[in-house]
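What follows is a set of notes on a single structure, which appears directly below.
Both counts, for ligands and for their atoms, begin at 1 and track the order of listing.
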Amino acid sequence: MNSPYRGRFAPSPTGPLHFGSLVAAVGSYLDARTQDGEWLVRMEDVDTPRNVPGAANDILRTLGAFGFEWDGPVLYQSKRFEAYADALDRLKQAGLLYGCACSRKEIADSATHVAIDGGLAYPGTCRGGLPAGRQARAWRLRVDAGETAFIDRLQGRVAQHLEHDVGDFVLRRADGLFAYQLAVVVDDAWQGINAVVRGADLLASTPRQIWLQRCLGYPELTYAHLPVAANPAGEKLSKQTRAQALSIDQAAAELVRALRFLGQGVPEALARGAVADVWAWAGEHWTFDAVPRQSLILLPA
Ligand code: GLU
């Protein structure tokens, strides 16, 4: 990498931090810090109806109490709508973006197969122009039938044929909101991020993000997709699966648990000590090569 390492942690303020998000924060933080890199925090509050009042501040307070130190001010995606609109204009002018009139039901009726992320692959109905008398609801980015691939530092080579595996995807939703895929790509470029370390639940989104980076002429990033923590039933920890909020009183113990989850041989005694001692140990001993190369790890009951 030519420029200095610049990584980030990008939580969505849909609820308090839980163990799953802590793993992503710890992994991205230590990967950055042990390479003398910068580490930024970005609040991904672009999907405004999903934001929970107070969650953003609660997340920042928890990160602070756990001893994370971020560089520069926190970027809020809810303040970035102009930048997202500009990016859409550029794509429109380049003929890469088109209006789509399809309702969910129409897509359900016309789709031929399931997309890689479990939705339906968009069959391209409005690609050649809107049917007569129809209005654009959403805006979609054209993709192609070729392979979009990258080498993940943990998961190895990941490849998708976007046209088949996903279809032209939405950058501006029918409710007028900007899509996560657009916001993340525009902001990573604008903040000069060059290394992404995040949960493997986002692995299937990465080829779409790379495609969009190329359409916008942005530089390429490196990726490491960490194993995702799942409950004994195999469900990713999240608000939906009622993952417990992290408790600030247990900060050292939770950090030790996150380091263990990431394959680090941290002494158990540090769980009963001070947060600063855990970070001192981690700063010296963090070994990226010890991080498990799985995409999902079940936590014991
Ligand atoms: N905001 C996303 C999430 O909380 C993370 C996006 C990213 O790291 O690219 O799942």
Tell me which donor-acceptor pairs under 3.5 Å the side chains of residues 294-301 have, and how far apart each pair is, sequence neighbours excluded?
none

Has Arg172 got its NZ or CZ under 6.0 Å from the middle of the six-membered ring of Phe178, at an angle within 45 degrees of the ring axis?
yes
List for me each residue that meets side-chain contact (heavy atoms from CB on, under 4.5 Å) alongside Ala24, sequence neighbours excluded, and say none if there are none.
Phe9
Any ion pair linking Glu38 and Arg8 (charged N to carboxylate O, less than 4.0 Å)?
no
In this structure, CZ of Arg153 is separated from NE2 of His225 (nearest 0.5 Å) by 11.5 Å
Residues that, via side-chain heavy atoms closer than 4.5 angstrom, fall in one hydrophobic cluster with Leu40
Phe150, Val158, Ile193, Val196, Leu203, Ile210, Leu221, Tyr223
Below 3.5 Å only, please: the N or O atoms of ligand 1 paired with protein N or O atoms, distance on each line.
from, atom 1, to, atom 2, distance (Å)
ligand 1, 1 (N), Ala10, O, 2.7
ligand 1, 1 (N), Ser12, OG, 2.9
ligand 1, 1 (N), Glu44, OE1, 2.6
ligand 1, 4 (O), Ser12, N, 3.4
ligand 1, 4 (O), Ser12, OG, 3.2
ligand 1, 8 (O), Arg8, NH1, 2.6
ligand 1, 9 (O), Arg8, NH1, 3.3
ligand 1, 9 (O), Arg8, NH2, 2.9
ligand 1, 9 (O), Tyr180, OH, 3.1
ligand 1, 9 (O), Arg198, NH1, 2.7

